[in-house]
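Take a look at the structure below.
Quick note: residue numbers are just sequence positions, from 1.
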Amino acid sequence: AAHNEICAQIGMMLFSWRMFQTTGNGKYIDNIENELYNGILSGISLDGKDFFYTEALRRTKEFPYAMRWPKHRQHYISCFCCPPNTLRTLCEAQEYAYAMSGNTLYVNLYGQNSLKTKDIEIEQTTNYPWDGNVRLTIKKAKKLSTVKLHKPDWADKYSVKVNGEPADLDISRKWSKGDVIEIDFELRPRLIEANPLVEEAKNQVAVMRGPIVYCLEGQDVEGGYRIHDIAIPSDAQFTARQMTISGHEMTVLDGEAIVINQEKWDNQTLYREMRPSAEKIVKIRLIPYYAWDNRGIDDMSLWLNLAQ
């Protein structure tokens, strides 16, 4: 039922950036990271040619009527605000990675990059968000006294070292060329539930690993079962693996789910008596939400039934 217009996602990110600049509160950086990876990047196809206007959290081929907006990314959208807004925002993503206040450097976003100003040069080496290890090498540090490292809200286990010695997230010292900051965030798949007031997501879960939201496409369900009939066990275990989609390497999650209903519906039946069926275990593969709809038109769901 969510509208999820891409421009609204961008608006949320811009609001969060201004709130961070005003307050310095890291929760707004969490919003920015979440929007960039899951709310904005998903608006464009992996080859950069097609776009969504709105982002569905579920898609099914069984709908017997046409939706207002297409179920598939489009090469041209008559409401033309979202494609250029998406491109502009992604091209400006580096602007949110760091911030300065006096002699304090805020490290907001993690990813392979280089920071170079008149007084500061830092090389960030990492395979984040697929790997939680981040290495910051100081190359120039004039007028730099404190480095504040952002801890994402999802990172419950992490470690920080400076030149091999344990350190805190806020590091004040005399910095020299060659100093190295190492951060190691534990990345693990985790089940996310919504507030009970979000009625559409009751008894459902989403899956995240690090900052990445995952989803399930029909082609990644063993045996061809419908996504509607798949349930995730509350103790589900997922294995992270590398996969390439449209030339882009990413981390996917392999696991097992339960088929909770094996009897098909037809579009003429609105209600029917529930008939118990034997549970069946099937293998599934979850892909990053931003990568869906890049392997042809198929069913997809971000929110998945929870097996109680």
Side-chain angles (χ1 to χ4, degrees), residues 2-14 16-17 29 31-59 61 67-98 108-115 124-131 206 208-220 240-253 285-302:
H3 182 58
N4 290 345
E5 181 188 355
I6 300 294
C7 286
Q9 312 285 339
I10 295 171
M12 178 61 177
M13 191 202 70
L14 295 175
S16 297
W17 177 243
I29 297 301
N31 289 345
I32 291 171
E33 182 178 62
N34 184 44
E35 290 292 357
L36 283 172
Y37 281 123
N38 307 306
I40 300 171
L41 188 59
S42 49
I44 185 172
S45 60
L46 292 176
D47 63 9
K49 297 180 180 180
D50 301 307
F51 302 87
F52 279 133
Y53 175 74
T54 60
E55 296 177 291
L57 302 183
R58 175 173 295 173
R59 179 175 71 186
K61 294 178 290 186
M67 304 290 286
R68 178 186 178 191
W69 297 104
K71 301 177 183 178
H72 188 61
R73 288 187 184 88
Q74 302 295 301
H75 193 65
Y76 174 80
I77 299 176
S78 59
C79 184
F80 49 78
C81 58
C82 289
N85 219 1
T86 298
L87 291 174
R88 177 182 63 186
T89 302
L90 292 176
C91 289
E92 292 176 344
Q94 72 275 2
E95 302 296 328
Y96 309 105
Y98 301 93
N108 298 326
L109 301 176
Y110 301 104
Q112 186 81 15
N113 68 73
S114 297
L115 172 66
Q124 185 175 153
T125 307
T126 181
N127 193 33
Y128 187 94
W130 313 125
D131 189 301
M208 294 186 70
R209 180 179 183 269
I212 302 297
V213 174
Y214 283 77
C215 70
L216 179 63
E217 286 193 296
Q219 61 193 282
D220 295 319
R241 304 189 189 282
Q242 297 305 114
M243 179 179 176
T244 299
I245 298 178
S246 296
H248 293 259
E249 188 171 302
M250 62 195 69
T251 297
V252 299
L253 302 176
R285 168 169 289 178
L286 304 179
I287 67 170
Y289 174 69
Y290 75 78
W292 83 280
D293 194 47
N294 282 278
R295 298 178 293 169
I297 298 179
D298 204 348
D299 288 356
M300 182 281 300
S301 188
L302 187 154

Using only heavy-atom distances, determine whether the side chains of Ser114 and Gln124 contain a donor-acceptor pair under 3.5 Å.
no
For the residue pair Trp292 and Ala56, what are the closest heavy atoms and their distance?
CZ2-O, 4.1 Å
Would you check if Asn113 and Gln94 make a side-chain contact, meaning some heavy-atom pair closer than 4.5 Å?
no
Checking side chain to side chain contact (heavy atoms under 4.5 Å, CB included) against Cys215, which of Ile287, Asp220, Asn38 comes through?
Ile287
Result for side-chain hydrogen bond (donor to acceptor under 3.5 Å, both in side chains) between Arg59 and one of Asp298, Asp299, Asp293 points to Asp293
Considering only heavy atoms from C-beta outward, does the side chain of Asn31 approach that of Asn34 to under 4.5 Å?
no
Any side-chain to backbone donor/acceptor pair from Asn85 onto Cys7? Under 3.5 Å, distance only.
no
Would Phe52 and Ile44 count as a side-chain contact (heavy atoms from CB on, under 4.5 Å) here? Give the steps.
CA-CA 7 Å; Phe52 279 133; Ile44 185 172; over 6 Å; no
To the nearest 0.5 Å, how far apart are CD1 in Ile212 and OH in Tyr289?
13.0 Å
For the residue pair Met243 and Ile245, what are the closest heavy atoms and their distance?
CE-CG1, 3.9 Å
With rounding to the nearest 0.5 angstrom, report the OG1 to CE distance, Thr244 to Met250.
7.5 Å
Look at the side chain of Arg209 and the backbone N and O of Trp130, then say whether any donor-acceptor pair between them is shorter than 3.5 Å.
yes
Output yes when a side-chain donor or acceptor of Glu217 lies under 3.5 Å from a complementary backbone atom of Met300, and no otherwise.
no
Side-chain heavy-atom pair Leu302, Arg58 within 4.5 angstrom cut-off:
no
One should read off an interatomic distance between Met208 CE and Leu253 CG, to the nearest 0.5 angstrom, of 11.5 Å
Shortest non-hydrogen pair, Ser16 vs Ile32, comes out as CB-CG1, 3.8 Å
Considering only heavy atoms from C-beta outward, does the side chain of Leu109 approach that of Leu36 to under 4.5 Å?
yes
Sub-4.5 Å side-chain heavy-atom contact between Ile40 and Thr86
yes
Gap between atom NE2 of His248 and atom OG of Ser45 - 0.5 Å precision:
8.5 Å
Quick one: are Pro288 and Tyr214 in side-chain contact, heavy atoms under 4.5 Å?
yes
How about Asn108 and Tyr96: do any of their side-chain heavy atoms sit closer than 4.5 Å?
no
Considering non-hydrogen atoms only, spot the tightest contact between Thr251 and Ala240 and give its length.
CG2-CB, 3.7 Å
Can you check whether Tyr128 reaches Pro211 side chain to side chain, under 4.5 Å on heavy atoms?
yes
